[in-house]
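Inspection log for the structure reproduced underneath, given as structure tokens.
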Amino acid sequence: MLLIGNGCVITREPNNPMIESGCVAIEADRIVEIGDTTMLRGKYPGVTFVDAAGGLIMPGLTNTHMHFYSSFARGMDLKAQSPQEFGQILERLWWRLDKVLTSEDVYYSAAVAMLDCIRNGVTTVFDHHASPGCVEGSLFQVADAAKELGLRTCLCYEVSDRDGEAVAAQGIAENAAYIRDCQQANDPMRRALFGLHASFTLNDDLLRRSAEQAAQLGAGCHIHTSEALSDADDCRRRYGKRVVERLRDFGVLGSSSIAAHCVHVDPYEMEILQQQQSLVVHNPESNMGNAVGCAPVLAMLCQGVRVGLGTDGYTADMLESLKVANLLHKHAQRDASVAWAEPHEMLFGQNSAFASACFGETLGRLIPGAPADVIVLDYEPPTPLSADNLGAHILFGCMGRAVHTTVVNGRVLMQDRQILVADSAKITAAARQQAAKLWQRF
């Protein structure tokens with residue numbers, strides 16, 4: 001048994017949101033009790049105790065749109081003119097990098113990204129993978145890294161027509177194989193969606209085949225949606241439709257599907273997204289970095305669209321993404337009064353709700369019976385902390401690297417900032433060697 005206490009417990013439970021000097025009791029993979037630290041230490045004497053030292057004890061964080069495979073791009077020379085717009089970013093960076101990934105690269109790029117997730121308190125990740133040079137078995141390689149390091153993951157493979165029919169067919173097969181494996185194994189740590197790249201790299205035949213396969217498997221889809229204006233323009237020119245409209249017509253959307261980005265959607269598309277109850281995932285840092293625009297998140301929320309928060313591989317720090325979401329919409333609207341509550345609802349509300357539905361468990365809350373996904377942050381509040389002002393304390397006072405302990409499904413992955421489940425230095429050194437070889441092939 002494990003106790004995590006002597007800190008302020010943030011339960012995310014409306015009826016009991018915060019417990020000062022609180023404690024979480026964990027038995028195997030479950031939270032069994034939450035209460036006062038002194039009381040629970042007296043009730044469970046002699047068990048392992050993790051001291052939060054007055055910091056915050058919170059549910060693990062969820063990232064609903066990530067790209068583990070992007071890890072090896074950090075510091076890489078593009079060997080080409082710097083891209084000026086989104087299409088060039090794809091062609092000069094991502095579509096060159098993913099083509100030269102080997103099976104070993106897939107494993108190590110995922111593993112080092114997962115180490116970053118653990119260090120930043122991210123316990124559940126929805127990843128979107130691509131490796132057209134080694135499609136078969138690639139999701140299983142990512143899953144092997146997740147199993148070793150202890151993360152809860154929902155994976156998919158990015159089907160696209162940009163590499164030809166043979167690779168596209170392999171992508172469909174890889175999605176199907178991994179989805180079936182997850183369904184048969186019923187592992188509480190593994191789920192799968194059917195991955196698709198974007199409307200502009202999916203011709204009608206490929207989109208139809210993919211959607212039909214996903215439907216046969218009973219799986220939702222995970223697709224980039226109107227990320228750049230060029231995607232929206234391509235769809236109108238080739239198909240006479242808006243992107244969201246086209247995806248709906250092919251059956252891609254739905255309550256178990258993710259529509260990442262949605263930067264260039266109009267009110268009609270927002271209405272479709274609301275009706276379909278797909279999760280739109282906002283990736284503020286990526287959108288800013290790629291200069292594709294600011295997603296109309298506040299308008300979508302006003303129309304009842306479900307909006308979560310992701311990083312698109314830009315970072316593993318969800319608290320950083322929270323901060324940028326808060327700032328971006330103030331800046332875009334030139335209104336300092338907006339986007340206070342919405343980013344918190346995306347991260348702590350919608351991300352957790354979508355993950356809970358996907359995994360069939362109560363994730364993102366510290367309550368008895370829920371999986372024991374718990375993080376501890378160093379934080380000494382300089383002003384009074386209460387349930388009413390908690391959001392402001394997290395926004396202005398916390399960051400991912402303040403996390404010093406990460407527990408997933410009852411397994412302590414990191415304690416006192418030391419990774420316990422693997423030799424992180426060895427993994428990182430191996431990743432550097434793999435990256436150096438990849439850079440030569442790039």
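Just so you know, residue 1 is the first one in the sequence shown, and it goes up from there.
Atoms CZ and CD, on F86 and E91 in that order, are 10.5 Å from each other to the nearest 0.5 Å. F49 CZ to L2 CG: the interatomic distance, rounded to the nearest 0.5 Å, is 9.5 Å. The CG atom of L193 sits 10.0 Å away from the CG atom of L196 when rounded to the nearest 0.5 Å. We find the CD1-CE distance between I375 and M58 to be 4.5 Å, quoted to the nearest 0.5 Å. To the nearest 0.5 Å, atom CG of residue D127 and atom SG of residue C154 are 9.5 Å apart. The CG atom of L61 sits 10.0 Å away from atom SG of C117, with the distance rounded to the nearest 0.5 Å.
Summarising the local packing, CD of E136 is surrounded by 12 or fewer heavy atoms from other residues, nucleotides or ligands at distances under 6.0 Å. At most 12 heavy atoms of other shown residues, nucleotides or ligands fall within 6.0 angstrom of atom NZ in K426.
For R209, the side-chain contact (heavy atoms from CB on, under 4.5 Å) partners are E165, A169, I172, D205, L206, not counting sequence neighbours. Taking H404 as the reference, nothing meets the ring pair (Phe, Tyr, Trp, His ring centres under 6.0 Å) condition, with sequence neighbours excluded.
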Residue pair D249, R242: steps toward the salt bridge (Lys or Arg N to Asp or Glu O under 4.0 Å) verdict: CA-CA 11 Å; D249 291 349; R242 302 285 300 184; over 6 Å; no
From CA spacing to verdict: side-chain contact (heavy atoms from CB on, under 4.5 Å), M346, V297: CA-CA 10 Å; M346 292 178 220; V297 164; 3.2 Å; yes
Residue pair T311, N63: steps toward the side chain to side chain donor-acceptor pair (under 3.5 Å) verdict: CA-CA 7 Å; T311 66; N63 186 345; 2.9 Å; yes
Audit row: S424, R119, side-chain contact (heavy atoms from CB on, under 4.5 Å) steps and yes/no: CA-CA 11 Å; S424 60; R119 292 182 176 117; 3.5 Å; yes
Audit row: Y157, Y178, ring-ring contact (aromatic ring centres under 6.0 Å, His included) steps and yes/no: CA-CA 9 Å; Y157 187 88; Y178 190 71; over 10 Å; no
Test log, rule side chain to side chain donor-acceptor pair (under 3.5 Å), inputs S199 and R246: CA-CA 8 Å; S199 173; R246 181 174 182 240; 2.9 Å; yes
side-chain contact (heavy atoms from CB on, under 4.5 Å) between H197 and H224, worked out: CA-CA 6 Å; H197 177 243; H224 301 101; 3.7 Å; yes
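Using modelled atom types, one side-chain atom of E174 and one backbone atom of L139 make a donor-acceptor pair closer than 3.5 Å. Side chain of R191 to main chain of F359: a donor-acceptor pair is present (N/O by atom type, distance under 3.5 Å, no hydrogens or angles). With R96 contributing its side chain and L78 its backbone, the two residues share a donor-acceptor pair below 3.5 Å. In this structure, D416 contributes its side chain and Q418 its backbone to no donor-acceptor pair below 3.5 Å. With T153 contributing its side chain and A146 its backbone, the two residues share no donor-acceptor pair below 3.5 Å. Of the possible polar contacts, none joining the S286 side chain to the N283 backbone as a donor-acceptor pair under 3.5 Å is found. Although no hydrogens or angles enter the test, the distance criterion places no donor-acceptor pair under 3.5 Å between the side chain of S71 and the main chain of V112. Between the side chain of D29 and the main chain of N409, no donor-acceptor pair closer than 3.5 Å is present. A donor-acceptor contact shorter than 3.5 Å links the side chain of S257 to the backbone of C221. Between the side chain of D161 and the backbone N or O of N203 there is at least one donor-acceptor pair closer than 3.5 Å.
Between D105 and R441 a salt bridge is recorded (basic side-chain N to carboxylate O distance below 4.0 Å). Residues R365 and E361 are not paired through a salt bridge, judged by the lack of any N-O separation under 4.0 Å between the basic side chain and the carboxylate. The pair K147-D187 does not count as a salt bridge, with every side-chain nitrogen at least 4.0 angstrom from each carboxylate oxygen. The existence of a salt bridge linking R152 and D373 is confirmed by a sub-4.0 Å separation between a basic side-chain nitrogen and an acidic carboxylate oxygen. Note on R236 versus D266: no salt bridge recorded, every NZ/NE/NH1/NH2 to OD/OE distance being 4.0 Å or above. Salt-bridge annotation for R401 and D317: absent, with no side-chain N of the basic residue lying under 4.0 Å from a carboxylate O of the acidic one.
The closest side-chain heavy-atom distance from I272 to L253 is below 4.5 Å. Taking 4.5 Å as the limit, every side-chain heavy atom of F72 sits out of range of all side-chain heavy atoms of V100.
A cation-pi arrangement, defined by a distance under 6.0 Å to the six-membered ring centre and an angle within 45 degrees of its axis, is absent between K99 and W94.
Separation of the F354 and F126 ring centroids falls under the 6.0 Å cut-off. In summary, the aromatic rings of H222 and F194 are positioned with their centroids too far apart to meet the 6.0 Å limit.
With 3.5 Å as the limit, one finds no donor-acceptor pair spanning the side chains of T405 and Q415. For N351 and T62, the side-chain atoms include no donor-acceptor pair closer than 3.5 Å. Of the N and O atoms on the side chains of E148 and Y107, at least one donor lies less than 3.5 Å from an acceptor on the other residue. Checked by atom type, the side-chain pair D98/S131 shows no donor-acceptor distance below 3.5 Å.
Looking at every heavy atom in both residues, S226 comes nearest to V265 through CB-CG1, 4.1 Å. When all heavy atoms of T225 and L247 are compared, the pair lying nearest together is OG1-CD1, 3.8 Å.
Of the listed residues (H282, H129, H261), just one forms a ring pair (Phe, Tyr, Trp, His ring centres under 6.0 Å) with H65, and that residue is H261.
The aromatic rings of H128 and H67 stand perpendicular to each other, their planes meeting at an angle above 60°, with 30° marking the opposite boundary.
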